[in-house]
Amino acid sequence: MTMKFPSFKIGGIHPPQEKTTPADKIIHVELPRRVSLLLKQHGGAEAAPIVAKGDHVDRWQKVAEATGFISAPVHTPISGIVKEIAPVTTLQGRQATAITVEASDADHLADEASRLEQRQPYDYSRLAPADIVGTVADAGIVGLGGATFPTAVKLSPPPNTKAELLIIDACECEPRLTCDDVLMRAYPEQIVEGIEIMMRAAGVDNAIIGIENNKPEAYAALKHACDDFNMRKAAEIRNKANTESNHLARITITRLQARYPQGCEKQLIYALTGCEVPSGALPISVGAIVQNVGTAYAVYRAVAMREPLTERVVTIAGAGNYMAPIGMRVSDLPAGEGAICAEKADVISGGPMMGLSCATLDAPVTKGLSGICVVEPLCYDPEPCIRCGKCAYACPMGLEPYLISTYGRLGYAPEAKEHGAMDCIECGSCSYTCPSHRPVLDFIRLAKADIRKKKI
Amino acid sequence: MSIGTSIAVLGGIGAIGALALNRVAKKFHVEEDQRISQVEECLPGANCGGCGQNGCHDFAVKCVEAGSLDQLFCPVGGQACMAKVAGILGVGASGNEPKLATLRCAGTPLTKTHLNVRYSGPKNCSVMNLTAGDYLCLSSCLGCGDCARECQFGAITIDQQTHLPLIDAEKCSGCGRCAITCPRGVIEMRDRGVRGRRVWVACGNCLKGAQARKQCATACLGCGLCAKACHFDAIIIENNLARIDAAKCKACGKCADACPTHAIHKTGFPAKKATTD
């Protein structure tokens with residue numbers, strides 16, 4: 001008998017999972033000799049450089065400072081000389097300012113040696129919540145699920161709201177990607193510790209990890225770590241060893257029915273709690289904070305190991321999962337080039353559902369890059385809409401994609417907004433289900449860009 | 001008998017209806033300034049929106065209400081049309097001439113550097129512009145023909161070889177809709193020039209010379225050779241890009257001959273010179 005797992009309410013699709021990339025180990029790569037650190041790798045304002053051309057920077061040194069509340073600093077993964085601060089081409093083919101650091105042989109050897117050092121964890125138990133949030137902000141941590149919203153901002157909710165629950169997104173509903181899966185299998189204890197740190201920072205006593213039922217190994221590993229944690233906390237309360245916390249902190253892990261797009265905030269909150277986040281509101285309006293497992297691991301590294309965010313796991317679909325230093329060229333990743341340079345194929349940064357086409361691979365890894373996939377190019381010609389309504393059934397936000405898409409195409413921005421264009425999470429379920437192969441989402445994106453431009 | 005009754009009944013209904021319509025028309029009659037319809041007759045009637053109003057009627061209303069024609073100009077009808085409007089209203093006409101849509105890109109698939117992947121989304125410039133498109137140059141024409149679809153006068157067609165819009169100077173009325181539609185601002189409204197002689201910079205790439213050259217073989221490098229060749233100081237180099245000041249340009253074409261990348265185009269010159277290019 002199969003178990004019935006919870007999931008979100010409306011819409012959703014079941015694309016082929018194709019999670020064939022080996023998820024049993026993370027491949028650590030040699031530090032690159034040259035990194036290009038984009039100033040804007042996060043949602044919000046671009047960071048401002050605090051080093052000048054010709055300066056010598058050390059590994060993990062902050063090279064750009066956050067500007068404004070919603071922003072994040074940037075750190076360098078290697079020691080070296082700042083070669084230039086100039087525009088470089090991003091994966092999407094746009095130009096963006098980046099700080100380029102180049103390591104000499106001596107720097108490179110010193111970095112590699114310091115990587116092998118065993119470091120003692122820092123005792124953060126006496127840190128106040130505000131200090132933890134400060135450390136997280138200072139480490140440049142952003143949401144590693146792909147949206148790259150600064151984590152510290154999410155952990156410090158606005159004054160008139162109260163966070164009650166921390167939700168950890170371990171769904172990885174995007175096909176082909178296994179970067180979260182591999183992280184959960186490799187570092188379950190560290191992830192749980194990262195969750196504990198975030199719970200303390202946000203002042204919540206409960207956390208739920210939502211994981212899809214297609215990742216049994218990761219579930220088992222995390223479940224084990226959570227049980228350990230819960231037992232330890234219960235024992236602490238019994239012994240009154242820790243007099244500060246009278247509340248019993250608990251982390252539970254819930255398996256969810258695999259369905260796309262479960263990893264989107266609002267869908268995940270519904271699946272785990274049954275609460276619906278109102279249109280245009282943030283998860284905090286129902287008392288929830290949603291963070292990705294990758295973010296939890298980065299928080300652990302930042303607070304317990306005092307390391308800023310300078311590397312992340314990147315799935316090269318079909319080849320493996322790499323712990324890639326941020327700023328490294330994607331084409332320098334081992335096996336990356338081989339898996340990628342397929343002629344007549346589209347290369348996507350991110351997963352095949354929500355990812356964006358890569359214009360070039362001679363571009364730096366960013367904080368938000370979860371993977372690189374090669375997909376068959378779409379060779380369908382769009383046919384007229386037959387009004388079947390499949391897109392409306394598939395839309396997890398309950399919108400009418402065909403309508404918004406038409407408004408977008410014709411440039412009717414106010415009407416598109418009225419029909420909820422800004423609620424669209426750009427999951428691509430509509431384009432995926434369309435039997436006429438219409439580029440529904442592309443025109444919704446156009447409508448959204450139009451609405452933002454015209455400030456309606 | 002039966003026919004007579006029918007005629008009488010239907011005729012009666014018709015007469016009552018006509019009377020009612022007459023009364024209603026008189027009761028709800030709106031006094032409209034007669035000049036509005038007179039002005040409207042002078043306008044081209046294309047309803048293209050090039051003047052910024054919703055069609056020719058709105059423009060006529062605006063002309064009559066405004067009292068002066070300072071801010072009002074019909075780009076399609078041009079000077080002749082505005083002079084007529086000014087005659088009807090008894091005010092001075094504004095002094096613009098109809099312009100011509102000019103392409104600020106000459107990059108073809110042969111000259112532009114391709115990106116590693118091809119764009120496979122909808123054939124729509126606005127959507128394509130949300131991505132990087134097919135080419136490295138971010139100021140180049142996307143070639144999906146939003147301008148051609150938008151043109152009310154059928155003046156724009158997309159060349160199948162170069163993927164660039166071909167603008168028919170005869171048909172172009174200068175309404176400027178294509179320039180507004182183009183998401184990358186590749187189309188610029190420029191003067192038609194004396195006897196059709198025109199010189200323009202067919203590039204909008206603001207990157208430094210070496211980078212621009214990498215992106216397209218016919219990019220303006222901002223090298224300044226054209227500015228040196230110009231006897232009238234009509235060329236200004238701004239942001240690594242040459243710009244021809246229409247007020248000073250005498251359309252001699254020296255700059256076009258001097259440009260090392262053929263980024264400056266000229267047209268309307270005698271055939272002999274054109275062949276020496």
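From a predicted model like this one, the values you see are computed outputs, not experimental measurements.
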task: Tell me, out of A:R94, A:Q92, A:Q95, who's got the most heavy-atom pairs with chain B below 4.5 Å.
output: A:R94
- prompt: What part of B:L138 gets closer than 4.5 Å to chain A, counting heavy atoms only: side chain, backbone, both or neither?
  reply: side chain
field: B:S126 versus chain A, the contacting section by heavy-atom distance below 4.5 Å
entry: both
message: Tell me which pairs pass side-chain hydrogen bond (donor to acceptor under 3.5 Å, both in side chains) where either residue lies in residues 409-421 of chain A, with sequence neighbours left out.
response: none
query: Heavy atoms, side chains only, cut-off 4.5 Å: are B:L142 and B:P183 in contact?
result: yes
statement: Max heavy-atom pairs within cutoff under 4.5 Å with chain A, candidates B:T131, B:L136, B:V127, goes to B:V127
message: Evaluate B:L103 against B:H265 for side-chain contact (heavy atoms from CB on, under 4.5 Å), listing each step before the verdict.
response: CA-CA 10 Å; B:L103 201 63; B:H265 285 211; over 6 Å; no
- request: Scan for side-chain hydrogen bond (donor to acceptor under 3.5 Å, both in side chains) pairs involving residues 158-180 of chain B, sequence neighbours excluded, and state none if there are none.
  value: B:E150-B:R177
